[in-house]
Colleague: 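Before we start, here is the structure in question, set down as C-alpha cells.
All figures in this text were calculated on a predicted structure; none of them were measured in a lab. In what follows, residues are counted from 1 in the order of the sequence shown. Side chains are part of it too, since the values below use all heavy atoms of this structure and drop only hydrogens, waters and symmetry mates.
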Amino acid sequence: MQIDVQLLPIPVPASSLSRKTVVVIDVLRATSVIVQAISQGALEILPVITVEEAFRRGSTFPEGTVLLGGERGSRKIDGFDLGNSPKEYLPEKVRGKRIVLTTTNGTRAFYSVMSAKEVLAGAFFNIGAVARRCVATGDDLLIYPSGDTGRFSLEDVVCGGMLIHRILSLGEKAELTDAGQAALILYRRFEADLTEAFRLSIHGRDLIGRGFEEDLPFCARIDVTEVVPVFREGAIRPLG
C-alpha cells in the first residue's frame with residue numbers, strides 16, 4: 001500500500017484516483033458532523049456545495065423526513081435546521097432522517113475525489129474503524145484534508161497523520177510519500193494533546209472567536225464509534 005496526503009485541497013486528476021481509496025477529513029467540523037450524525041441514526045447525508053442547492057434538494061423529500069444542516073462563516077445558515085457543530089446532531093433530532101449538508105470546505109471535498117474507487121469520511125471519532133477499512137481494501141490510499149478555503153489545514157493533516165499511525169500499527173507494510181511522512185511527523189508532535197493543534201490552527205482560533213470553543217475538545221474525541229461513512233452516488237451512508 002502506498003499512502004499519500006493531499007496537503008492542499010486542490011483537484012486531483014480522476015485518472016489517478018480510480019484504483020485508490022480516499023479518506024476525506026474535515027475535523028473542524030464537517031466530517032465530524034457526518035460521522036456523528038450517522039452514528040446517531042441518520043439515514044444518509046447528502047453533501048451539496050451551495051446553500052441554494054441545499055434548499056432545492058431538501059424540498060424534493062416528504063416533509064418531516066429531511067433536515068438541512070451546515071454553515072457559512074461557521075454559523076448556522078438562516079432557514080436551516082442545524083448548524084455545523086457535531087454536538088447538535090443528537091439522536092432525537094437525526095434518527096431516521098436524511099440530512100442535506102453544505103459547508104464551506106468539507107462537503108465540496110467529497111466531489112473533488114468522487115472518481116476514487118472508494119471515498120470514506122474520516123474524523124478522530126472513527127479513526128480506528130477507518131484505519132481497519134483502509135487495510136481491508138488493500139488499495140493505495142490518498143488522505144484528503146479538506147483544508148481551510150483552499151489553504152493548508154493543520155488539524156486535518158494531524159488527523160491524517162493519526163490515520164497513518166493507526167494503519168502502520170495494524171502491521172500494514174506501507175510506503176509513505178513525503179507528504180505522508182510529514183503528516184505522521186505532525187501527528188506525533190500533537191499526539192499527547194490534539195486540541196493544541198486545534199488551538200494553533202487558523203480555523204480553530206476562528207471557531208473560538210465565534211463562540212464554538214466547546215467543539216474543539218468534542219471533535220478531538222478518539223474512537224467513539226465504529227461507523228465508517230462511505231460516499232457513493234451523491235450520498236454518504238454507513239458502510240455495509
Colleague: In Å and rounded to the nearest 0.5 Å, what is the CZ to CD1 distance from Arg205 to Ile202?
Modeller: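 Interatomic distance, Arg205 CZ to Ile202 CD1, rounded to 0.5 Å: 5.5 Å.
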Colleague: Report yes if the side chains of Asp215 and Lys87 come closer than 4.5 Å at any heavy-atom pair, otherwise no.
Modeller: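 A side-chain contact exists here, since the closest heavy-atom pair is under 4.5 Å.
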Colleague: Side chain to side chain contact (heavy atoms under 4.5 Å, CB included), that's the test. Do Ile34 and Val24 meet it? Break it down for me.
Modeller: CA-CA 11 Å; Ile34 289 165; Val24 174; over 6 Å; no
Colleague: What pair of heavy atoms forms the shortest contact from Pro86 to Gln36, and how long is it?
Modeller: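 Result for this residue pair: O-CG, 3.3 Å.
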Colleague: Taking Ile49 as the starting point, is it possible to reach Val100 by hopping between hydrophobic residues whose side chains are less than 4.5 Å apart?
Modeller: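 Different clusters.
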Colleague: Is the positively charged end of Arg57 above the ring of Phe61, judged by distance under 6.0 angstrom from the centroid and angle within 45° of the axis?
Modeller: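 Output no; distance or angle outside limits.
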Colleague: Return yes when atom CD of Glu92 has more than 12 non-hydrogen atoms of other residues, nucleotides or ligands closer than 6.0 Å, and no otherwise.
Modeller: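 Result for CD/Glu92: enclosed.
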Colleague: Walk me through it: do Val230 and Glu118 pass the test side chain to side chain contact (heavy atoms under 4.5 Å, CB included)?
Modeller: CA-CA 7 Å; Val230 59; Glu118 185 165 89; 3.9 Å; yes
Colleague: Testing the basics here: between Cys134 and Leu120, what is the closest heavy-atom pair and its distance to 0.1 Å?
Modeller: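 Smallest interatomic distance, heavy atoms only, reads SG-CD1, 4.4 Å.
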Colleague: So, for Gly234 and Pro47, which heavy atoms are closest and what is the spacing to 0.1 Å?
Modeller: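 Scanning both residues, the minimum pair turns out to be O-CD, 3.5 Å.
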Colleague: Using 30° and 60° as the class limits, which term best fits the ring planes of Phe125 and Phe218: parallel, tilted or perpendicular?
Modeller: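 Aromatic pair Phe125/Phe218 classed perpendicular.
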Colleague: So which atom in Ser74 and which in Arg210 form the shortest heavy-atom distance, rounded to 0.1 Å?
Modeller: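 For Ser74 versus Arg210, the nearest heavy atoms are CB-CD, 3.6 Å.
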Colleague: Taking it one step at a time, do Arg237 and Ile38 satisfy side chain to side chain contact (heavy atoms under 4.5 Å, CB included)?
Modeller: CA-CA 7 Å; Arg237 303 182 180 97; Ile38 291 178; 5.7 Å; no
Colleague: For salt bridge (charged side-chain N to carboxylate O under 4.0 Å, His left out), just list the numbers for Glu88 and Lys76, CA-CA rounded to whole Å, side-chain angles, deciding distance to a tenth of an Å, and then say yes or no.
Modeller: CA-CA 11 Å; Glu88 297 179 59; Lys76 187 174 80 168; 5.7 Å; no
Colleague: Side-chain contact test, heavy atoms from C-beta onward, threshold under 4.5 Å: evaluate it for Leu8 versus Phe152 and give yes or no.
Modeller: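 Yes, side chains in contact.
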Colleague: A side-chain contact here means heavy atoms from C-beta on lying under 4.5 Å apart; do Val66 and Leu46 qualify?
Modeller: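 A side-chain contact is absent here, since even the closest heavy-atom pair is not under 4.5 Å.
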Colleague: Hey, could you give me the CG/CG distance between Leu176 and Leu141, rounded to the nearest 0.5 Å?
Modeller: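 Going from the CG atom of Leu176 to the CG atom of Leu141 covers 10.0 Å.
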Colleague: Are Arg29 and Glu71 ion-paired here, with the side-chain N under 4.0 Å from a carboxylate O?
Modeller: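 Salt bridge absent between Arg29 and Glu71.
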Colleague: Ignoring hydrogens and angles, tell me if any N or O in the side chain of Thr177 forms a donor-acceptor pair with the backbone of Gly180 under 3.5 Å.
Modeller: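 Yes, because the side chain of Thr177 sits within donor-acceptor range (under 3.5 Å) of the backbone of Gly180.
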Colleague: Within a radius of less than 6.0 Å around CD of Glu214, do more than 12 heavy atoms belonging to other residues, nucleotides or ligands occur?
Modeller: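 At most 12 heavy atoms, drawn from other residues, nucleotides or ligands, come within 6.0 Å of this atom.
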Colleague: State whether the side chain of Thr107 and the backbone N or O of Val48 hold a donor-acceptor pair below 3.5 Å, judged by distance alone.
Modeller: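 Pair found, side chain donor or acceptor close to backbone of Val48.
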Colleague: From Asp140 CG over to Lys117 NZ, what is the distance, rounded to the nearest 0.5 angstrom?
Modeller: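 Between Asp140 CG and Lys117 NZ, I get 10.0 Å after rounding to 0.5 Å.
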Colleague: Say whether Leu67 and Val33 are linked into one hydrophobic cluster, either directly or through other cluster members, by side-chain heavy-atom distances under 4.5 angstrom.
Modeller: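 Yes, Leu67 and Val33 fall within the same hydrophobic cluster.
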Colleague: Please check if Leu154 and Leu216 belong to a single hydrophobic cluster, counting links between Ile, Leu, Val, Met, Phe, Trp and Tyr side chain heavy atoms closer than 4.5 Å.
Modeller: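 Yes; tracing contacts between hydrophobic side chains, which count when under 4.5 Å, links both residues.
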Colleague: Are the side chains of Arg132 and Val135 in contact, using a 4.5 Å heavy-atom criterion?
Modeller: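 No, side chains not in contact.
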Colleague: Please tell me whether Ile236 and Val130 are part of a single hydrophobic cluster in this structure, the criterion being side-chain heavy atoms less than 4.5 Å apart.
Modeller: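 Per the 4.5 Å side-chain linkage, Ile236 and Val130 are not co-clustered.
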Colleague: Would you check if Ile222 and Met162 make a side-chain contact, meaning some heavy-atom pair closer than 4.5 Å?
Modeller: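 Side-chain contact under 4.5 Å: yes.
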Colleague: Would you say the side-chain atoms of His165 pair up with the backbone N or O of Tyr187, donor to acceptor, closer than 3.5 Å?
Modeller: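 No.
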Colleague: Does Asn105 reach the main-chain N or O of Thr149 with its side chain, forming a donor-acceptor pair under 3.5 Å?
Modeller: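 Yes, Asn105 side chain to Thr149 backbone: donor-acceptor pair under 3.5 Å.
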Colleague: Determine yes or no for a side-chain-to-main-chain donor-acceptor pair under 3.5 angstrom, with Arg95 supplying the side chain and Ala42 the backbone.
Modeller: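 Not a single qualifying donor-acceptor pair exists.
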Colleague: Is a side-chain N or O of Asp148 found less than 3.5 angstrom from the main chain of Ser153, in a donor-acceptor match?
Modeller: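 No.
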Colleague: For the CD atom of Glu172 and the CG atom of Leu170, what is their distance to the nearest 0.5 Å?
Modeller: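 If we round to the nearest 0.5 Å, Glu172:CD and Leu170:CG are 8.0 Å apart.
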Colleague: Just how far is it from atom CD1 of Ile208 to atom NE2 of His203, taken to the nearest 0.5 Å?
Modeller: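 Rounded to the nearest 0.5 Å, the CD1-NE2 separation comes out at 11.0 Å.
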Colleague: Establish, yes or no, whether the cationic atom of Arg221 lies under 6.0 Å from the six-membered ring centre of Phe124 and within 45° of the ring axis.
Modeller: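 Not flagged: Arg221 not positioned over aromatic ring of Phe124.
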Colleague: Hydrogens and angles aside, do Thr21 and Asp139 bring a side-chain donor and acceptor to less than 3.5 Å of each other?
Modeller: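 A pair is found: one side chain offers a donor N or O, the other an acceptor, under 3.5 Å apart.
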Colleague: Are the side chains of Thr225 and Gln40 in contact, using a 4.5 Å heavy-atom criterion?
Modeller: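 In short, these two side chains do not touch, never coming nearer than 4.5 Å.
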Colleague: Whether Lys97 and Asp81 form a salt bridge (side-chain N of Lys/Arg under 4.0 Å from carboxylate O of Asp/Glu) is what I want to check.
Modeller: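 Result for this pair is no, no salt bridge flagged.
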Colleague: Kindly give the heavy-atom pair with the smallest separation between Gly160 and Ala183, and that separation in Å.
Modeller: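 Looking at all heavy atoms of both residues, the closest pair is C-CB, 4.5 Å.
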Colleague: Determine whether Val22 and Val12 make a side-chain contact, defined as any pair of heavy atoms from C-beta on separated by less than 4.5 Å.
Modeller: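 No. Closest side-chain heavy atoms not under 4.5 Å.
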Colleague: Any Lys/Arg nitrogen of Arg199 or Glu213 sitting under 4.0 Å from an Asp/Glu carboxylate oxygen of the other?
Modeller: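 Counted as a salt bridge, because a side-chain N and a carboxylate O are separated by less than 4.0 Å.
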Colleague: Between Tyr111 and Phe231, is the gap from one ring center to the other below 6.0 Å?
Modeller: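 Tyr111 vs Phe231: aromatic centres under 6.0 Å.
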Colleague: For Ala121, does its backbone N or O pair with a side-chain atom of Asn126 as donor and acceptor, under 3.5 Å?
Modeller: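 Yes, the answer is positive, given that a donor and an acceptor are paired below the 3.5 Å cut-off.
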Colleague: For a quick test of reading the model, state the closest non-hydrogen atom pair linking Thr195 to Ala220 and the distance between them.
Modeller: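 Between these two residues, the closest heavy atoms are CG2-CB, 3.7 Å.
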Colleague: What I'd like to find out is whether the side chain of Leu207 reaches to under 4.5 Å of the side chain of Phe198, using heavy atoms alone.
Modeller: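 When only atoms from C-beta onward are counted, Phe198 and Leu207 do not touch, as no gap falls below 4.5 Å.
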Colleague: How are the rings of Phe55 and Phe80 set to each other: parallel, tilted or perpendicular (split at 30° and 60°)?
Modeller: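 Perpendicular: the ring planes of Phe55 and Phe80 meet at over 60°.
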Colleague: To the nearest 0.5 Å, what is the distance between CG (Asn84) and CZ (Arg72)?
Modeller: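 So the CG of Asn84 and the CZ of Arg72 are separated by 9.5 Å.
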Colleague: Tell me whether Ile25 shares a hydrophobic cluster with Leu17, the cluster being built from Ile, Leu, Val, Met, Phe, Trp, Tyr side chains joined at under 4.5 Å.
Modeller: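 Shared cluster, no.
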Colleague: Please confirm whether the backbone N or O of Val27 pairs with a side-chain atom of Asp156, one donor and one acceptor, at under 3.5 Å?
Modeller: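 Here the side-chain-to-backbone pair exists.
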